[in-house]
K.L.:
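Structure incoming, see below.
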Amino acid sequence: FYSVKWRNLEFPPPNTQTSQWLLVAESEEWSDELAEEMTKLGQSTTQVSLSKASQKTAFWDTYLNESIDGIIWNTGLFAGDLTDSDPYTRLHCESVVSLLTALKRNEIETLPRGLQFLTTHAVNASESDTVNPDSAQWWGFGKVVGNEYPYLRSRIIDLLESSNCKHLCEVLLSEAR
């Protein structure tokens, strides 16, 4: 079969040019914390609560009228065990597809800062790690988005629960692709 050998990666220095970010998440607490850290770094953010989001593309038009440089999509970071993953998957997938449709309809042809999906425990970096299938599915979905919409510069970032927002911001602002 194959084997994976993980190695540490040194990111280039963060690109601190001020940009407008759309933060999409189920947890407003998480979005507030990330928005606060991004603001400290000179970034501008607009938060979208996925629980209030509509799968209709018109919902996203409100947010896309602004100049958006990047989108951070929290796929359920630190949500823990889900008792029923079907509604979770359906809500996120339908919302991402409606966002992609809205981007196309609004003729947004590029996102300079990219579309960044955040997962937790989607891959195992060591033998002791446990993989969460609800997070792992985003790696396949994210790859498809990257292939179908290369101009959006998508990437998938898998984090540990112990990751802090400051470190996450450094990763989000890096140009490593």
K.L.:
Return the minimal non-hydrogen interatomic distance between Gly142 and Ser154, and the atom names on each side.
P.N.:
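Heavy atoms only, the tightest pair is O-OG, 3.9 Å.
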K.L.:
List the steps and the verdict of side-chain contact (heavy atoms from CB on, under 4.5 Å) for Val48 and Leu23.
P.N.:
CA-CA 6 Å; Val48 178; Leu23 306 181; over 6 Å; no
K.L.:
Compare every heavy atom of Thr45 with every heavy atom of Ala35, then report the nearest pair and how far apart it is.
P.N.:
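In terms of heavy atoms, the two residues are closest at CB-OG1, 3.4 Å.
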K.L.:
So, the side chain of Asn15 versus the backbone of Gln17: is there a donor-acceptor pair under 3.5 Å, distance only?
P.N.:
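It does hold such a pair.
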K.L.:
Quick one, Leu115 and Leu103 - any side-chain contact, counting heavy atoms below 4.5 Å?
P.N.:
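They are not in side-chain contact.
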K.L.:
Got a second to check how far Leu172's CG is from Leu118's CG, nearest 0.5 Å?
P.N.:
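Rounded to the nearest 0.5 Å, the CG-CG separation comes out at 6.0 Å.
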K.L.:
Just by distance, with hydrogens left out, do His92 and Trp138 show a side-chain donor and acceptor under 3.5 Å apart?
P.N.:
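No, no side-chain donor-acceptor contact under 3.5 Å.
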K.L.:
Would you give the length of the straight line joining atom NZ of Lys104 to atom CG of Leu64, rounded to the nearest 0.5 angstrom?
P.N.:
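Taking NZ in Lys104 and CG in Leu64, the distance rounds to 15.0 Å.
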K.L.:
Taking side chain as C-beta onward, heavy atoms only, is Ile71 less than 4.5 Å from Leu99?
P.N.:
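In short, these two side chains touch, coming nearer than 4.5 Å.
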K.L.:
State, with a plain yes or no, whether a side-chain heavy atom of Leu111 is found less than 4.5 Å away from one of Asp69.
P.N.:
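No, side chains not in contact.
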K.L.:
Side-chain contact, heavy-atom cut-off 4.5 Å: Ser95 with Phe59?
P.N.:
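Not in contact.
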K.L.:
Between Gln47 and Tyr63, what is the shortest heavy-atom contact and its length?
P.N.:
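Of all heavy-atom pairs spanning Gln47 and Tyr63, the closest is O-CE2, 4.3 Å.
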K.L.:
What heavy-atom pair brings Ile157 and Arg155 nearest, and what distance separates the two atoms?
P.N.:
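Of all heavy-atom pairs spanning Ile157 and Arg155, the closest is CD1-NE, 3.9 Å.
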K.L.:
Is there a side-chain contact (heavy atoms from CB on, under 4.5 Å) between Ile156 and Phe141? Walk through the geometry before answering.
P.N.:
CA-CA 10 Å; Ile156 309 154; Phe141 187 82; over 6 Å; no
K.L.:
Measure the spacing between CD1 of Ile68 and OG1 of Thr110 and express it to the nearest 0.5 Å.
P.N.:
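Going from CD1 on Ile68 over to OG1 on Thr110, the span is 13.0 Å.
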K.L.:
Under 4.5 Å between any side-chain heavy atoms of Leu22 and Ile72, yes or no?
P.N.:
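Counting from C-beta outward, Leu22 and Ile72 never come under 4.5 Å.
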K.L.:
Check the angle between the aromatic planes of Tyr149 and Tyr151 and answer parallel, tilted or perpendicular using the 30° and 60° thresholds.
P.N.:
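The rings of Tyr149 and Tyr151 stand perpendicular, inter-plane angle above 60°.
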K.L.:
Report yes or no: do Gln20 and Thr46 form a side-chain donor-acceptor pair below 3.5 Å?
P.N.:
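A pair is found: one side chain offers a donor N or O, the other an acceptor, under 3.5 Å apart.
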K.L.:
What is the minimum heavy-atom distance between Asp158 and Ala122, and which atoms define it?
P.N.:
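In terms of heavy atoms, the two residues are closest at OD1-N, 2.9 Å.
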K.L.:
Report the distance from atom CG of Leu159 to atom OG of Ser135, rounding to the nearest 0.5 Å.
P.N.:
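Between Leu159 CG and Ser135 OG, I get 10.0 Å after rounding to 0.5 Å.
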K.L.:
Considering non-hydrogen atoms only, spot the tightest contact between Leu41 and Cys169 and give its length.
P.N.:
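Reported closest heavy-atom pair: CD1-CB, 3.6 Å.
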K.L.:
Are the side chains of Trp73 and Leu50 in touch, meaning some heavy atoms are under 4.5 Å apart?
P.N.:
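Yes. Closest side-chain heavy atoms under 4.5 Å.
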K.L.:
Any side-chain donor-acceptor pair under 3.5 Å between Trp60 and Ser98?
P.N.:
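Judged by distance alone, the side chains do pair up.
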K.L.:
So do the side chains of Arg113 and Gln43 get within less than 4.5 Å of each other, counting heavy atoms only?
P.N.:
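In contact.
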K.L.:
Evaluate Trp21 against Leu173 for side-chain contact (heavy atoms from CB on, under 4.5 Å), listing each step before the verdict.
P.N.:
CA-CA 11 Å; Trp21 295 86; Leu173 295 177; 3.7 Å; yes
K.L.:
For Thr18 and Gly42, indicate whether the former's side chain and the latter's backbone hold a donor-acceptor pair under 3.5 Å.
P.N.:
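The answer is yes, because a donor-acceptor pair under 3.5 Å joins these two groups.
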K.L.:
Taking atom CD of Glu170 as the centre, does the number of heavy atoms from other residues, nucleotides or ligands within less than 6.0 Å exceed 12?
P.N.:
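Result for CD/Glu170: enclosed.
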